[in-house]
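Data block below; observations after.
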2 protein chains.
Amino acid sequence: MPVLTNIGYLATCRDQGSQEEIHAISKATLVWKGESILWVGKESDLPTEFSEMEQWDAEGKLVIPGLIDCHTHLAFGGWREGEFKQRIRGESYLKIAESGGGILSTVTKTREATREELMARSSRTLDEMAALGVTTVECKSGYGLNIADEIKQLEIYESLNCEHALDLVSTLLAAHTVPPEYKTDKEGYLRLLCDELIPLVGERKLAEFCDVFVEKSAFNPEEARRVFEAGEKAGLRAKLHADQLSDSGGASLAAEVGAVSADHLECISDCGIEKMRKAGVVAVTLPLASLFTFQKPLDARRLVSAGVPVAVATDFNPGSAPSFHLPLVMTLACVQNRMTPKEVLKGATIYAARAIEREGVTGSLEKGKLADFAIIDSPDPDHWLYHFRANACLLTMKRGKIIHERK
Amino acid sequence: MPVLTNIGYLATCRDQGSQEEIHAISKATLVWKGESILWVGKESDLPTEFSEMEQWDAEGKLVIPGLIDCHTHLAFGGWREGEFKQRIRGESYLKIAESGGGILSTVTKTREATREELMARSSRTLDEMAALGVTTVECKSGYGLNIADEIKQLEIYESLNCEHALDLVSTLLAAHTVPPEYKTDKEGYLRLLCDELIPLVGERKLAEFCDVFVEKSAFNPEEARRVFEAGEKAGLRAKLHADQLSDSGGASLAAEVGAVSADHLECISDCGIEKMRKAGVVAVTLPLASLFTFQKPLDARRLVSAGVPVAVATDFNPGSAPSFHLPLVMTLACVQNRMTPKEVLKGATIYAARAIEREGVTGSLEKGKLADFAIIDSPDPDHWLYHFRANACLLTMKRGKIIHERK
């Protein structure tokens, strides 16, 4: 039963109060047993029963809940550095897509990749994420776009969830775009999803969420609604890629279908914000995608002020967000989305947990929750997210086990 | 005499051709002896005299010239994470400065800090920079703003240049802002600089460059001209903080006084660009500062297209650019300044060398230059700067000695 003492600043990130209230404790101690937290509090209040346990020294550093990346496209084949250059020079994403680049080139490469290749690559990515303090990762399919390859992606996540120390949470995103085979038959693809793939995924419990890219170039709200209805029947809760490139009614739809989260939201309307607040939908901001697509970033203050919880995630994917560095994205959420460091910290812990329905087990440092935490080489969250360094994470603990330690 | 073989992609970054021409060699070999490069070329062309030397294996990776950070404010006391939050919430830099924050709070803390404290801190920063592939760093004074403390900063750089493996290049930036003692006597401060400090720094050879923050809130072009004239007499070449917050004629002045570089340039006019091109002034873009001050970034394509060489640097300082992560800044130069990865690579090597007059000794991989290089865990520059990772640098070589190696 280890006791972590001499914590300079412990951010509990309890799900209470405003987004900026991280319920910090200075001079804190954390006690855990096996996978779970037993006690958190002031060092001076440590019950005597714990005081003779194995003592670890946090050397006055910052301790935070293990970070949660609640929006990633973890497993994919190939990369797309070529079109990065095209986009820098001003070519539109649409034009690149029309000339065979964009998302469909990743679909081709993901279909071609073997299970072993995708597993090995994703596993290395998870290792690097763990070294940054991340302990839970949401993973979307959406580069298969047929039954076999969507299932392949989800099975990879299922295997990684068993084999890798990190916890993975899977989302079916078959409604990412229309695959080439159904280019002139969107209706046919929607029927494939609603009548075959979604029931199959539900039955095999290969995903917990069902996501749709709601956008002019992808699926409209009416089509999305059909997917979500099929998802609901199959036991999959809704998530949305919403209002990224235009206000296409995604936020309102999220509220209407009781989605757990609506992600992106660069172009969200005030009306959409109000509906999300009423329905309790978590907003997920993805500032890396705005940066890499040269888009005006979301002003998250509008959502925070309205009382909508805002989570922060990487959106890791080979096109619009080719980095899984969540602490970098957290700093970007400060400077691009105008969130304060404490708001961002809650956004990458407890609110991110909410966005994947894990708030009962992780995302905050409280008795009974998983011993998922990170020791950061910084005095407090304000300093950490302001003074960006390659990696300030000294140690990552997942379910009470050390999964990264800087030597 | 070591030979580095099996280099997948070697970017020589020779000072020739357009900004995008990095003169790459695939399947390359690099030979050096002591501090200097002896031979660079195709593996198949390796002269037999080198083929039996000590062989190192680059494992097919990318090899680049050691990175050069040509604009930093390396040594300072304290940090300013408090005002980061104020700025996120919308308070202006000017208002923060007026309420005792901003640059003058760093001046107070830098004056208070002992030489040993500043040395130790800067040395640790240089270690972290070296681990990112950086081999040469420009360092500005400007947080002393009196004779004793400006000299203190420059002496620290002089000592670090001897003691630390990295090469430092010093710039006197006493004309950073007017210190509190001269609040109502700017003329008195300018006389102190021109009549006492600059001649002293020149005589003691404590700096090679003389920099002025040309901006409404700091010094106007007429005042800057006086400083540069004194600098010229003392053997210090001009550098400028120009056109950052407004088009204040900084670029034109840079051309007029024959400055080696003009830095920032977010608000540069077309006329300023044309004058810089004619005068051969290097532009230095500092995208981290634009990001952290919520400013519209420089569209560097305007300069690149006009034929002005654009260097890329961190601007590391505790206010507007609190990170020394040059590879991150290089990725930002792609997505914010619209430079392609190859243009950015030339900007952080040979053009950065030009911006500090080191193009004769470093900044490219050519026979006779210093053996300053880095091995990057990536197949090529396009992929490296697109897929941002915490640190992709596997090994940093400075003057033929390993100063960082990932275990």
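Protein chains get the first letters and strands the later ones, always in sequence-line order, with residue 1 at the start of each.
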Problem set entry | Among the listed options B:Ala131, B:Gly82, B:Ala390, B:Gly90, the residue most often paired with chain A at heavy-atom distances under 4.5 Å | B:Ala390
Part of [X] within contact of chain B (heavy atom distance under 4.5 Å):
X	result
A:Glu20	side chain
A:Phe388	both
A:Leu385	backbone

Problem set entry | chain A-proximal positions within residues 302-318 of chain B [heavy-atom distance under 4.5 Å] |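 Heavy-atom contacts from residues 302-318 of chain B to chain A are B:Phe316, B:Pro318.
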For this session: Enumerate by number any residue of residues 101-109 of chain B whose heavy atoms lie under 4.5 Å from heavy atoms of chain A; in the absence of such residues, state 'none'.
Result: none
Rounded at 0.5 Å granularity, tell me how far [atom1] in [X] sits from [atom2] in [Y].
X	Y	atom1	atom2	value
B:Leu332	A:Leu332	CG	CG	7.5 Å
A:Glu81	B:Asp380	CD	CG	5.5 Å
A:His325	B:Asn391	NE2	CG	9.5 Å
B:Leu288	A:Thr331	CG	OG1	9.5 Å

Exercise. If every non-hydrogen atom of A:Thr340 is compared with every non-hydrogen atom of B:Lys85, which pair is closest and at what distance?
Worked result: CG2-CG, 3.7 Å
Exercise. If you look at every heavy atom in A:Arg87 and B:Arg338, which pair is closest and at what distance?
Worked result: O-NH1, 3.4 Å
Problem set entry | Per-residue contact mode, B:Gln86 against chain A (heavy atom under 4.5 angstrom) |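 For B:Gln86, there is no contact with chain A at all, as no heavy atom is under 4.5 Å.
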For this session: Only counting residues at least two apart or in another chain, list the ones meeting ring pair (Phe, Tyr, Trp, His ring centres under 6.0 Å) with B:His383.
Result: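 Ring pair (Phe, Tyr, Trp, His ring centres under 6.0 Å) check on B:His383 returns A:Trp79, B:Tyr386, B:His387.
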Problem set entry | Members of residues 290-301 of chain A whose heavy atoms come closer than 4.5 Å to chain B | A:Leu291, A:Phe292, A:Phe294, A:Arg301
